[in-house]
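Structure, as structure tokens:
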Amino acid sequence: MGQLYCQIVDPAKAAGHRAYPALSVIIGPDTWIQPDLVVLREPIRNLTWVPIENVLMAVEINSAAGRRRDMVDKPRLCAEAGVPFFMQVDMNRVAWVALFELIDGEYVVRARAVEGQMFESMAPFAMKFDPADLTEF
């Protein structure tokens with residue numbers, strides 16, 4: 001996750017946003033999620049629980065144990081709550097990254113790349129990297 005954070009933190013900050021690892025995001029009175037990374041519309045101070053309205057992009061690194069939750073449940077909850085962007089990353093066999101944008105209540109692929117290709121998007125802020133770089137320690 002460290003390499004992914006490094007790819008996101010500076011471009012997000014340059015665009016006026018802030019990236020944070022593992023914040024708890026409140027969706028409703030009894031519903032919350034904890035994405036692997038969260039990009040907020042603006043900086044926060046001294047909070048670990050953040051209202052979903054502050055989230056610009058949730059980032060989920062898929063795991064074998066939580067595959068359904070990572071790939072289905074969290075994106076659905078974020079889409080229903082109106083989070084503008086959702087990124088999924090997988091580094092299991094072949095590293096890949098997919099960025100989704102919320103359009104008419106559903107996430108639509110905005111950018112995608114597998115290792116050896118360049119992942120590139122200008123929204124929600126400028127990002128450009130090879131998914132293979134995410135597997136380096």
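The shown structure was predicted, so the numbers you read here are calculated from the model rather than taken from an experiment.
Taking each heavy atom of L56 and P124 in turn, the nearest pair found is CD2-CB, 3.7 Å. Residues C78 and I33 share a closest heavy-atom pair of SG-CD1, 3.5 Å. Annotation for G116 and A132: closest pair N-CB, 4.4 Å, computed over non-hydrogen atoms. Nearest heavy atoms, Y20 versus P43: OH-CA, 3.4 Å. Minimum heavy-atom separation, P35 to A58: CG-CB, 4.0 Å. Shortest non-hydrogen contact noted between I61 and M91 is CG2-CE, 3.8 Å.
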Go through F100 and E106 one step at a time and tell me if the side-chain contact (heavy atoms from CB on, under 4.5 Å) criterion holds.
CA-CA 9 Å; F100 301 89; E106 293 187 26; over 6 Å; no
Using residues 23-31 as the side-chain source, report each donor-acceptor pair under 3.5 Å to any protein atom, sequence neighbours left out, with the distance given to one decimal.
none

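To the nearest 0.5 Å, atoms CE (M57) and CG (L37) are separated by 8.0 Å. One finds the CD atom of Q117 at 8.5 Å from the CG atom of D130 (value rounded to the nearest 0.5 Å). The structure places NZ of K128 at 4.5 Å from CD of E120, a figure rounded to the nearest 0.5 Å. For the atom pair CD of Q3 and OG1 of T135, the computed distance is 8.5 Å after rounding to the nearest 0.5 Å. Between the CD1 atom of I44 and the CG atom of L40 there is a distance of 5.5 Å, given to the nearest 0.5 Å. How far CD of E115 is from CG of D90: 10.5 Å, rounded to the nearest 0.5 Å.
Taking 4.5 Å as the limit, every side-chain heavy atom of V89 sits out of range of all side-chain heavy atoms of N62. The shortest side-chain heavy-atom distance between V38 and V50 does not fall under the 4.5 Å cut-off.
Other residues, nucleotides and ligands contribute over 12 non-hydrogen atoms within 6.0 Å of the CD atom of E80.
Between the side chain of H17 and the main chain of R41, a donor-acceptor pair closer than 3.5 Å is present. The backbone N or O of Q34 lies less than 3.5 Å from a partner atom in the side chain of K74, making a donor-acceptor pair.
A salt bridge (Lys or Arg N to Asp or Glu O under 4.0 Å) check over residues 17-27, counting only residues at least two apart or in different chains, returns nothing. Screening residues 103-127 for ring pair (Phe, Tyr, Trp, His ring centres under 6.0 Å) gives F86-Y107, F119-F129 as the qualifying pairs, with residues at least two apart or on separate chains. Sorted by first and then second residue, the ring pair (Phe, Tyr, Trp, His ring centres under 6.0 Å) pairs with a member in residues 32-56 read W32-W49; sequence neighbours excluded.
None of V39, D36, V97 except one satisfies the side-chain contact (heavy atoms from CB on, under 4.5 Å) rule with M87; the exception is V97.
Every side chain to side chain contact (heavy atoms under 4.5 Å, CB included) that E101 has, sequence neighbours left out, goes to F85, I103, R110.
Under a 4.5 Å side-chain heavy-atom criterion applied to ILVMFWY residues, the cluster that includes M122 comprises that residue alone.
Hydrophobic cluster membership is shared by V109 and V83, with clusters built from Ile, Leu, Val, Met, Phe, Trp and Tyr side chains linked at under 4.5 angstrom.
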